[in-house]
2 protein chains.
Amino acid sequence: MPTSQEQPRRRQSRGERRIAQLLEAAATVFTSTGYTAASTNAIAREAGVSPGTLYQFFPNKEAIAIELGGRLVAEYQAAYGEALAPVDPAIPLEMVVNAIVDQFIDFNCRRPVFFALMHGPDVPGRIAEEHDVLHKTVIDRIQGLLSPFLTDLPAEEITRVAQVCMAVYMAGLELILAREGADREAYVQELKNVLLRYLDPLVGDRLGGTPEQGP
Amino acid sequence: MPTSQEQPRRRQSRGERRIAQLLEAAATVFTSTGYTAASTNAIAREAGVSPGTLYQFFPNKEAIAIELGGRLVAEYQAAYGEALAPVDPAIPLEMVVNAIVDQFIDFNCRRPVFFALMHGPDVPGRIAEEHDVLHKTVIDRIQGLLSPFLTDLPAEEITRVAQVCMAVYMAGLELILAREGADREAYVQELKNVLLRYLDPLVGDRLGGTPEQGP
DNA sequence: GACAAACACGAGTGGTCGCTCGCATTCTTA
DNA sequence: TAAGAATGCGAGCGACCACTCGTGTTTGTC
């Protein structure tokens with residue numbers, strides 16, 4: 001016999017719209033207050049519905065964050081699915097780093113919730129697990145991307161380099177999200193500089209060292 | 001007439017001991033759960049006293065964090081007060097960065113609460129202000145330290161560089177605190193590498209570029 | 001139009017947390 | 001040693017929050 005079967009409730013189009021509305025409201029509230037401090041009543045109010053209506057579509061608060069996170073990941077992969085795919089190591093590292101940073105920054109600026117949900121230290125068990133999985137995946141991809149460039153380094157060290165790149169990116173992202181306009185652009189350039197100068201001395205000896213670039 | 005005067009309650013030595021005990025307990029709880037999730041009852045339990053006793057010495061939860069933060073800053077300044085003081089720009093940047101990173105890492109490893117309190121995104125108003133002040137001070141100091149080295153750059157850009165250095169340090173610290181032993185040391189070296197390679201191309205042309213260093 | 005299912009409401013429930021209060025105990029001081 | 005202050009206790013209060021439930025409304029289907 002089936003164990004506690006999940007009967008797939010038939011949604012009406014009104015329901016689908018409500019769900020989208022609630023997730024949008026949740027994104028707004030999570031972004032401004034973080035996950036833990038965000039109350040489900042506040043999310044419902046932001047969406048213009050009653051608390052009861054919210055629980056018509058989500059079994060609990062955690063499920064909102066999980067669904068939101070899932071949709072964000074899907075949206076990201078649809079837009080930049082190949083961002084971290086391995087590339088021809090003959091391409092200058094500068095171009096690779098620039099392209100990847102630009103894509104990630106672009107997405108994170110358009111969807112600031114993503115950072116709030118991923119970087120928040122207050123998210124509870126289940127979400128933290130999802131984040132861990134995603135984090136490990138990204139690290140693996142960075143590692144695979146860097147390997148052809150960092151031919152002289154042992155695998156263990158490449159892992160470390162990937163971890164450091166990820167951490168530096170996250171730190172830069174926080175600075176960047178707190179700024180706007182030209183100031184933001186300047187910090188994006190600085191982030192690229194940090195990563196490039198960090199990685200450049202590590203690449204195996206091939207033609208084309210990366211020269212300095214100005215703003 | 002005096003406005004709502006604070007009468008300085010005479011403490012017995014027993015009381016001073018309790019305060020130290022409570023702050024130590026608070027440090028433990030804050031470190032493991034963060035400020036918001038830490039309950040005052042949990043802090044009292046950790047210290048082996050009743051909730052009422054806790055409130056004999058602190059007017060509210062915020063005051064605990066503020067007192068703890070104040071003592072940590074004082075402790076830090078006593079140990080490394082001159083860590084960010086300007087130095088002779090003839091000294092190689094590598095030595096300067098190495099020394100500063102070592103000192104900060106050393107302190108943060110011995111007192112992990114410091115990072116938890118400073119980096120936590122969930123700390124309420126009053127504490128956030130204190131952190132802002134401290135953060136601005138540190139940025140200023142870094143700026144003053146870097147200026148003699150980065151002679152070719154306008155002030156505005158040096159500010160940006162200081163901000164980036166601080167953010168990179170914080171990111172590295174998070175990686176480092178999550179590791180132990182030889183692994184930790186390796187990440188400390190990586191952090192130094194990131195900062196050095198980022199700053200090295202910026203220093204005005206003088207003798208002594210910074211060569212690569214191994215683990 | 002009739003019926004059922006999905007949707008919507010919002011006061012209410014149980015639980016947690018910051019904090020209080022009345023009272024007991026220990027220390028200081030004269 | 002006696003008075004008063006400091007310390008200590010822990011049940012409990014009020015506020016807030018995640019979540020529920022009884023009831024009423026809208027929508028899809030025959």
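A note on names: the letters A, B, ... follow the listed sequences, proteins ahead of strands, and every chain is numbered from 1.
Rounding to whole angstrom units, CZ of residue B:Arg14 and C1' of D:dA5 are separated by 11 Å.
Ring geometry for B:Tyr35 versus B:Phe30: interplanar angle of 30 to 60°, hence tilted.
Closest to the B:Arg10 side chain, of the nucleotides C:dT28, D:dA18, C:dC19, is C:dT28. Looking at the side chain of B:Ser39, the nearest of the listed nucleotides D:dC19, C:dG18, C:dC19 is C:dG18. The side chain of A:Gln56 lies closest to C:dA8, out of C:dT20, D:dG8, C:dA8.
At the heavy-atom level, B:Asn41 lies under 4.0 Å from base atoms of the strands shown. Using a 4.0 Å heavy-atom criterion, one finds that A:Gly15 contacts the sugar-phosphate atoms exclusively. Across all strands, A:Ala38 comes closer than 4.0 Å only to sugar-phosphate atoms, never to a base (heavy-atom distances).
Side-chain N/O atoms of B:Thr40 include none lying less than 4.0 angstrom from OP1 or OP2 on C:dC17. Side-chain N/O atoms of A:Arg11 include one lying less than 4.0 angstrom from OP1 or OP2 on C:dC7. For the OP1/OP2 pair of D:dG8 and a distance below 4.0 Å, the side-chain nitrogens and oxygens of B:Ser50 include no atom meeting the criterion.
Mapping A:Gln12 and B:Tyr55 onto DNA chain C via the closest heavy atom, the residue that lands nearer the 5' end is A:Gln12.
For the pairing with A:Gln21, the side-chain hydrogen bond (donor to acceptor under 3.5 Å, both in side chains) check across A:Arg18, A:Glu24, A:Arg17 returns one residue only, A:Arg18.
Side-chain N/O atoms of A:Glu190 and B:Tyr198 include a donor and acceptor closer than 3.5 Å.
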